[in-house]
Amino acid sequence: METTNTVEAPIHYNPNQLVTYKVIDNDTVEYPTVKVTDFEWTMQKYRDNLDSLKTYISKVGILEERLADYLEMDAEEIVSDICSIFGFNPTKEIEFEANVTITGIVTVPLSELSDFNIDYLELNVDAASWSHDIEITNTEIDSITTL
């Protein structure tokens with residue numbers, strides 16, 4: 001038999017109730033009034049930010065412990081280590097040019113053969129890479145000839 005733990009809201013809980021609370025920002029004191037639900041969301045965002053901050057502080061602590069080791073490492077090893085600590089995956093864009101020879105067969109109906117000109121053949125070329133993300137910025141067909 002499966003059991004589930006559910007927490008029921010107290011009978012007096014009213015998520016639409018207005019609540020006034022104190023906010024101290026430097027030397028300024030304010031008393032905003034908001035619905036309980038808005039206050040709950042604000043508190044949840046605060047808790048999420050606090051968790052993120054704790055994680056970041058922990059990573060900075062690891063980095064601080066390794067600073068002395070960095071004096072004996074080359075730049076690439078240092079960058080690699082820092083990336084592994086913070087979970088970074090840096091990339092660098094490298095522009096390339098590829099020359100391709102394509103051979104193929106075009107089927108032309110006999111009724112169109114007298115008007116067919118290979119120079120007017122519309123050829124779409126695309127490239128993909130399974131090992132890296134690439135973006136093709138330009139493709140040109142210099143010439144098409146019959147064999």
Side-chain angles (χ1 to χ4, degrees), residues 1-9 13-21 23-26 28 30 32-147:
M1 184 170 164
E2 202 174 305
T3 60
T4 58
N5 295 331
T6 57
V7 177
E8 292 185 28
Y13 177 75
N14 178 1
N16 293 313
Q17 179 178 343
L18 295 177
V19 176
T20 302
Y21 63 100
V23 175
I24 302 172
D25 186 17
N26 294 328
T28 307
E30 296 180 24
T33 300
V34 296
K35 285 185 179 181
V36 168
T37 53
D38 294 335
F39 187 73
E40 291 169 341
W41 278 110
T42 300
M43 293 303 297
Q44 184 59 46
K45 285 190 264 184
Y46 168 77
R47 286 188 290 274
D48 292 344
N49 287 342
L50 188 59
D51 289 344
S52 296
L53 182 60
K54 286 177 184 177
T55 301
Y56 179 76
I57 288 172
S58 169
K59 291 176 180 183
V60 169
I62 293 169
L63 180 65
E64 188 176 16
E65 289 173 7
R66 295 186 184 174
L67 285 177
D69 297 335
Y70 291 160
L71 296 173
E72 300 169 8
M73 298 168 70
D74 67 2
E76 189 174 320
E77 289 175 315
I78 295 169
V79 170
S80 177
D81 192 52
I82 292 171
C83 288
S84 70
I85 292 171
F86 287 94
F88 298 151
N89 187 17
T91 59
K92 179 179 181 178
E93 292 184 354
I94 300 171
E95 190 173 2
F96 67 92
E97 178 178 291
N99 296 308
V100 179
T101 300
I102 301 171
T103 58
I105 298 172
V106 59
T107 304
V108 180
L110 291 179
S111 61
E112 298 175 14
L113 193 56
S114 62
D115 294 332
F116 181 75
N117 185 339
I118 195 74
D119 292 328
Y120 298 127
L121 180 66
E122 292 182 20
L123 186 62
N124 296 318
V125 178
D126 193 15
S129 172
W130 287 286
S131 61
H132 295 87
D133 291 335
I134 64 168
E135 176 187 348
I136 303 301
T137 56
N138 184 32
T139 57
E140 288 182 26
I141 307 294
D142 293 329
S143 66
I144 299 177
T145 58
T146 57
L147 299 178

### Message
Would the distance check show the side chain of Glu72 and the main-chain N or O of Asp69 forming a donor-acceptor pair, the cut-off being under 3.5 Å?
### Response
no
### With sequence neighbours excluded, residues passing side chain to side chain contact (heavy atoms under 4.5 Å, CB included) with Glu112
Val108, Pro109
### Query
Within a radius of less than 6.0 Å around CG of Asp133, do more than 12 heavy atoms belonging to other residues, nucleotides or ligands occur?
no
Show me the donor-acceptor pairs within less than 3.5 Å that the side chains of residues 52-67 make with the rest of the protein, sequence neighbours left out.
unit_1	atom_1	unit_2	atom_2	d
Ser52	OG	Asp48	O	3.2
Thr55	OG1	Asp51	O	3.1
Arg66	NH1	Asp81	OD1	2.6
Arg66	NH1	Asp81	OD2	3.0

#### Entry: Closest non-hydrogen atom pair between Ile141 and Ile144, with its separation
CG2-CG1, 3.6 Å
### Query
Does Val125 reach the side chain of Ile102, with side-chain heavy atoms less than 4.5 Å apart?
yes
#### Entry: Partners meeting side-chain hydrogen bond (donor to acceptor under 3.5 Å, both in side chains) with Thr145 (sequence neighbours left out)
none
### Message
For the CG atom of Asn89 and the OG atom of Ser84, what is their distance to the nearest 0.5 Å?
### Response
11.5 Å
Can you give me every donor-acceptor pair (side chain of residues 32-43, partner residue at least two apart or in another chain, under 3.5 Å) with its distance?
unit_1	atom_1	unit_2	atom_2	d
Thr33	OG1	Thr20	OG1	2.8
Glu40	OE1	Tyr13	OH	3.2
Glu40	OE2	Tyr13	OH	2.5
Thr42	OG1	Asp38	O	3.0

### Message
Checking Ser129 now: which residues fulfil side chain to side chain contact (heavy atoms under 4.5 Å, CB included) with it, not counting sequence neighbours?
### Response
Ser131, His132, Ile134
### Query
If you count the non-hydrogen atoms of other residues, nucleotides and ligands that lie under 6.0 Å from CG in Asn124, is the total more than 12?
no
### Flag, side chain of Asn14 to backbone of Asn16, donor-acceptor distance under 3.5 Å
yes
### Query
Roughly how far, to the nearest 0.5 Å, is the CG atom of Leu121 from the OG1 atom of Thr146?
11.5 Å
### Task
Kindly write out the residues that satisfy side-chain hydrogen bond (donor to acceptor under 3.5 Å, both in side chains) with Tyr21, not counting sequence neighbours, or none if the list is empty.
none
